[in-house]
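A, B, ... follow the sequence lines: proteins, then strands. Residue 1 opens every chain.
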Number of protein chains: 2
Amino acid sequence: MKTKTQKTQSGKVQLLEVAQRLMLAKGYTATSVDEICQQADLSKGSFFHYFESKEELGKAALDGFYFRQKEGMLQAEFRKEADPLKRVESLIDFLIQAFKNPDIPKSCLIGNFSQELSETHPEIRKLCADHFADWAESVKSDLDEAKTKYKPHTPLDTQSIADYLIAVIEGTLILYKAKKDIKIFEKNLGHLKLYVQSIF
Amino acid sequence: MKTKTQKTQSGKVQLLEVAQRLMLAKGYTATSVDEICQQADLSKGSFFHYFESKEELGKAALDGFYFRQKEGMLQAEFRKEADPLKRVESLIDFLIQAFKNPDIPKSCLIGNFSQELSETHPEIRKLCADHFADWAESVKSDLDEAKTKYKPHTPLDTQSIADYLIAVIEGTLILYKAKKDIKIFEKNLGHLKLYVQSIF
DNA sequence: CATATTATACCAACCAGTCGGTATAATAAT
DNA sequence: ATTATTATACCGACTGGTTGGTATAATATG
């Protein structure tokens, strides 16, 4: 019956989870392979059995992070909302609520890696750009639907509005890390929501 | 007459400039004291003559960065604009123009340090929070003036609008580092400007 | 048996920081 | 004015520890 992983997760998954947690908090460079192994209760030999380098682990952690975020979004309740504009507004409300949850890390691996590694790790920079683009695309498709439905008088560049939404989130995370005041999420995302409403 | 430092800058200034440049590009952790010394053409002995630790250098570089940015803002032409609302709009235009200049680094030491060090270096985190607060205060005072002058119908939380402006800038920098497309500044700051106009 | 997983031992390079010392110049004492 | 004292700027070797990474072997697992 208990054929696979009954006591604990596989070594690879464990390493990825620890790496993600540490890198969300301290970034890529300040997170050492040794510390990851320690906290994953595995040896360095195991680490380099699963990942051929720290950078490969970084890429895997980044992909895993984005995949989980995307899954969480797609399966969230607000996605069932029929009206596309309300769906965008609900996305913002969903984020406001999510950031109120103390168990949700106030950090984004894509933003962290983009800031820290864009000049030194070109492949990771590219991955960040791709994930940002994919994220923006999913927002853009709702905005396009809303545009078709509500035909606003002013011309709308939905792509750049989606990018803007991401920038507000990433910037708010940075501000939060300095101030450590959770209210910044509600306030900033509130402004963003008002803006989206104002242009439709 | 020429009593002091006519040929080259003092060692301390040189170290600070190199540190700022490297940390703007690669962050704090990935920038080693050795590399700073190499590029500043000074020995490690000299480094620790001027700074008692790497963290103290980080603080000094952070303060210096903010001071320069603030000076640049205060002396900019748009500050002479009499109308407070136009002054805020001109600030945004000023930033759009500034980011078009290839010589201006597309990076903010306050944002970088906040993201990278907030969990590990509490004193630096505090410094970031203070600088963000000071920056926001300068924006808020213009917004307050505009509020008094134009008496908008909707109630305005000028403090949170100022924070929002900073978040948009910081988030846009992160997006830029991934995408490396300079147009993101004009687009995102354009949305911000529209929002500010819409609420007055 | 063979393959996947884990551990141990090790490495060279690099890390922040220390140390003892020198060269120079400003200041004080004679 | 000359000498003694002190402070500043700087150097480069060195330390203990950490870094990412490797080589090899033990242990599971199928």
Taking ring-ring contact (aromatic ring centres under 6.0 Å, His included) as the test, write out the residues that go with [X], two or more places apart.
X: A/Phe200; value: none
X: A/Phe65; value: none
X: A/His191; value: B/Tyr164, B/Tyr195
X: A/Phe78; value: A/Phe94

Which dot-bracket string fits DNA chain D when only Watson-Crick or G-U wobble pairs with both atom distances under 3.5 Å count, crossing pairs get [ ], and | stands for a partner on a different strand?
||||||||||||||||||||||||||||||
Can A/Lys12 be said to sit on top of A/Phe51's aromatic six-ring, NZ or CZ under 6.0 Å from centre and within 45° of the ring axis?
yes
Note: contacts of residues 56-63 of chain A with DNA chain D (heavy atom, under 4.0 Å) are none
Side-chain donor-acceptor pairs under 3.5 Å in residues 68-75 of chain B, sequence neighbours left out?
| residue | atom | partner | partner atom | Å |
| --- | --- | --- | --- | --- |
| B/Lys70 | NZ | B/Asp134 | OD2 | 2.6 |
| B/Glu71 | OE1 | B/Gln75 | NE2 | 3.2 |

Protein-nucleotides 7-9 of chain D N/O pairs closer than 3.5 Å?
none

Give every residue pair that meets the salt bridge (Lys or Arg N to Asp or Glu O under 4.0 Å) criterion with at least one member in residues 185-194 of chain A, sequence neighbours excluded.
A/Asp93-A/Lys193, A/Lys100-A/Glu186
Hey, are B/Lys59 and B/Asp63 close enough for a salt bridge, meaning a charged N less than 4.0 Å from a carboxylate O?
no
Should the pair A/Lys26-A/Glu116 be classified as a salt bridge under the 4.0 Å nitrogen-to-oxygen rule?
no
Walk along nucleotides 11-19 of chain C from 5' to 3' and tag each nucleotide B, S or - by protein heavy-atom contact under 4.0 Å, base first, then sugar-phosphate.
----SBBB-
Tell me whether B/Arg87 contacts the main-chain N or O of B/Ala82 through its side chain, where contact means a donor paired with an acceptor under 3.5 Å.
yes
Please tabulate, for side-chain N and O atoms in residues 167-177 of chain A, each donor-acceptor pair with protein atoms closer than 3.5 Å (sequence neighbours left out).
| residue | atom | partner | partner atom | Å |
| --- | --- | --- | --- | --- |
| A/Thr172 | OG1 | A/Val168 | O | 2.6 |
| A/Thr172 | OG1 | A/Asn188 | ND2 | 3.0 |
| A/Lys177 | NZ | A/Ser107 | OG | 3.0 |
| A/Lys177 | NZ | A/Asn112 | OD1 | 3.1 |

Scan residues 126-155 of chain A for pairs that pass ring pair (Phe, Tyr, Trp, His ring centres under 6.0 Å), counting only residues two or more places apart or in two chains.
A/Tyr66-A/His131
